[in-house]
Peer 1: 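There's a structure below that I have some questions on.
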Protein chains: 2
Amino acid sequence: MYVQVKFRIFVYVFSVMKELKYRHIQNYLKSKIQQGVFKVGDYLPSENELCMQFSITRTTVRKALDELLKEGFIEKQHGKGSRVRERRQSLGLLSVKGFSEAVGGNVKTVFIQKPVLAKWDTDIVLPVSYDDKNSPCCYFERLRFVGDRPVMREKNWMAYIALPSFLNTEFVDGSFFKTLSQKYFIEIIGSTQELRAESADRNNARLLKIEEDAPLLHISIKFFTSSAKLIIYSELYCHTSSYPVSNSYFL
Amino acid sequence: MYVQVKFRIFVYVFSVMKELKYRHIQNYLKSKIQQGVFKVGDYLPSENELCMQFSITRTTVRKALDELLKEGFIEKQHGKGSRVRERRQSLGLLSVKGFSEAVGGNVKTVFIQKPVLAKWDTDIVLPVSYDDKNSPCCYFERLRFVGDRPVMREKNWMAYIALPSFLNTEFVDGSFFKTLSQKYFIEIIGSTQELRAESADRNNARLLKIEEDAPLLHISIKFFTSSAKLIIYSELYCHTSSYPVSNSYFL
DNA sequence: TAGTGGTCTAGACCACGGT
DNA sequence: CCGTGGTCTAGACCACTAG
């Protein structure tokens, strides 16, 4: 009896430690993508090749690829292969129309405040988690332009301890999310948002070059990431009269 | 040679006609859910039972259930079973805070215009598809309250021919989407949206009982459905100062 | 302990894409 | 024609839930 119990505990601990086979393949491929070994547009090894490489069956390989598909890292093409795709930014987050369409030199992002240590601001609308409040806070602020017109002010906060070396990091392609993915291997896995139409206060009016009291779209977002420690809080102020905010969802 | 070609055509037609086994199970279960045979909270037959009922393997049954999971019709519980869940309304669509939370008698929806034949309105922001423009148009308009306060005006258009008997249909639980699902077996499968902060015009100000020129959140949505013929165009005007619009996205 | 869903194996045949 | 991904079979063992 005693032996049996010990055995069961051992089995339990072992099973908790063990990484599932399909998770292993999934994480292996994901890290290769994040590291840029497999670039956007590249084809992954075929399912049969992966079977041989890892000595597993196709069912398991397909399960791993299905997960990567769900996460938006790859797309599959019958008869051709699985290809790395640009990860969907449409994770329930809204994009300013013109930021995706206008791919010429039209779009510009300017730092108003490069990442610095700061206090947790009362401007943050969505509740800041308890752990975050007990950490120093890292803050940065940007202004986004379409052509010469400022269309969005973006304020971001997060726990300093979650990204220690972030203060001195150069942004990859000027993108915060790309930086998180490629330098820290952290992905956005979810978000909650609140949207309001407000009147522009003096500061926003000045930055976005609109009249005070003009209608302004205020979006409060809390981003959850693959790192449990890192939650990103953002407040966006969008001048939507020429460039509405848009998004799509399918499936 | 000639015979071979005929044979291949036959095979092709056959394969096009044939419903995949997992699709068959998927559609079977989906229709039972939509018809209310399996209600929200009910457990579906176990995977092994479905195997026996349809004389197929568990792999195939699981594929069918995975699809239903992705579509949001069921949730799985290890060791218990697969349960019908309230289908996610969060298909990229935003819900007014308070409409989901306030489940008491607090929320009210009032028709300003019951479904009628109308013209395609120029108020529709997103492009109306060519086929739709050539059909008569069905229109209805509602006003949504939290308590006694009007918080959202909702205008809806769609092709009359896609839902012939809709003009005389009673809404299920006062919900348009529930009506589509339970009476027509049509589900929302995607949407695109545009959001703007605007100043309230006289009409919206009157209906929402706010001042003219107060900031108003204007959401334009195009819903795509499981019926290729039916696309729904909506324009929402939200008074967000007390009840912001919110949504969440995960995975 | 019985029944459920979760993972995995070792095959098979098919449809699609390009040579 | 061959290699790719898509579907499907017939098993096996495991972990979770509940009586």
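In what follows, chains are A, B, ... by sequence order, proteins preceding strands, each numbered from 1.
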Peer 1: From CZ of R23(B) over to P of dC8(D), roughly how many Å is that when rounded to an integer?
Peer 2: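 Nearest whole value for this atom pair: 10 Å.
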Peer 1: Let me know which of R85(B), K70(B), R83(B) forms a salt bridge (Lys or Arg N to Asp or Glu O under 4.0 Å) with E75(B).
Peer 2: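 Between E75(B) and the candidates, salt bridge (Lys or Arg N to Asp or Glu O under 4.0 Å) is satisfied uniquely by R83(B).
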Peer 1: Between K80(B) and dC16(D), is there a side-chain N or O to OP1/OP2 distance below 4.0 Å?
Peer 2: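 No, no such contact exists.
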Peer 1: Find the distance E19(B):CD to dG6(D):C1' and express it as a whole number of Å.
Peer 2: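 To the nearest whole Å, that distance equals 16 Å.
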Peer 1: Salt bridge check, K30(B) against E71(B): does any charged N sit closer than 4.0 Å to a carboxylate O?
Peer 2: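 A salt bridge is present here (some side-chain N lies under 4.0 Å from a carboxylate O).
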Peer 1: Less than 4.0 angstrom between a side-chain N/O of K21(B) and OP1 or OP2 of dT9(D), yes or no?
Peer 2: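 True: K21(B) side-chain N/O within range (under 4.0 Å) of dT9(D) OP1/OP2.
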Peer 1: Just the rounded figure in Å: distance from P of dG5(C) to CG of L44(B).
Peer 2: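 My rounded result for the distance is 9 Å.
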Peer 1: Give a yes or no on whether the ring-centroid distance for F38(B) and F73(B) is below 6.0 angstrom.
Peer 2: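 No, ring centres 6.0 Å or more apart.
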Peer 1: Return the CG to OG1 distance between D173(B) and T109(B), rounded to the nearest 0.5 Å.
Peer 2: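 Result: 11.5 Å between the selected atoms.
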Peer 1: Find the distance Y43(B):OH to dC16(D):P and express it as a whole number of Å.
Peer 2: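 Going from Y43(B) (OH) to dC16(D) (P), I get 17 Å.
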Peer 1: Among residues 53-62 of chain A, which ones have heavy-atom contacts with DNA chain D below 4.0 Å?
Peer 2: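 R58(A), R62(A) - these, ordered by number, are the residues of the stretch whose heavy atoms sit under 4.0 Å from the strand.
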Peer 1: Using the ring centroid of each side chain, check whether F140(A) and F171(A) are separated by less than 6.0 Å.
Peer 2: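 That pair passes the under 6.0 Å test.
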Peer 1: Using atom CZ of R83(B) as one end and atom P of dT4(C) as the other, report the distance to the nearest whole Å.
Peer 2: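 So the CZ-P distance, R83(B) to dT4(C), works out to 16 Å.
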Peer 1: How do D66(B) and G79(B) order along DNA chain C: which one's closest nucleotide is nearer the 5' end?
Peer 2: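 On the 5' side of the pair lies G79(B).
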Peer 1: Over how many whole Å does the gap from E47(A) atom CD to dC2(D) atom P extend?
Peer 2: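 Going from CD in E47(A) over to P in dC2(D) covers 20 Å.
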Peer 1: Check the distance between dT4(C)'s C1' and L50(B)'s CG and give it to me in whole angstrom.
Peer 2: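 The distance from CG of L50(B) to C1' of dT4(C) comes to 12 Å, rounded to the nearest Å.
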Peer 1: In this structure, how many angstroms lie between the C1' atom of dA10(D) and the NZ atom of K63(B), rounded?
Peer 2: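 Nearest whole value for this atom pair: 19 Å.
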Peer 1: Out of the candidates W157(A), Y233(A), W120(A), Y160(A), only one should pair with D132(A) under the side-chain hydrogen bond (donor to acceptor under 3.5 Å, both in side chains) rule; please name it.
Peer 2: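 One option only clears the test, and that one is Y233(A).
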Peer 1: Please pick, from dA15(D), dT4(D), dG6(D), the nucleotide with the shortest atom-to-atom distance to any side-chain atom of H78(B).
Peer 2: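 Minimum distance to the H78(B) side chain belongs to dA15(D).
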Peer 1: OH of Y184(A) to CG of L163(A): how many Å apart, nearest 0.5 Å?
Peer 2: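 Answer rounded to 0.5 Å: 5.5 Å.
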Peer 1: Counting only Watson-Crick or G-U wobble pairs whose two distances fall under 3.5 Å, which nucleotide matches dG19(D)?
Peer 2: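 Here dG19(D) is not engaged in any pair, so there is no nucleotide opposite it.
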Peer 1: Does Y22(A) make a side-chain N or O approach to OP1 or OP2 of dC8(C) shorter than 4.0 Å?
Peer 2: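 Y22(A) to dC8(C) OP1/OP2: no side-chain N or O under 4.0 Å.
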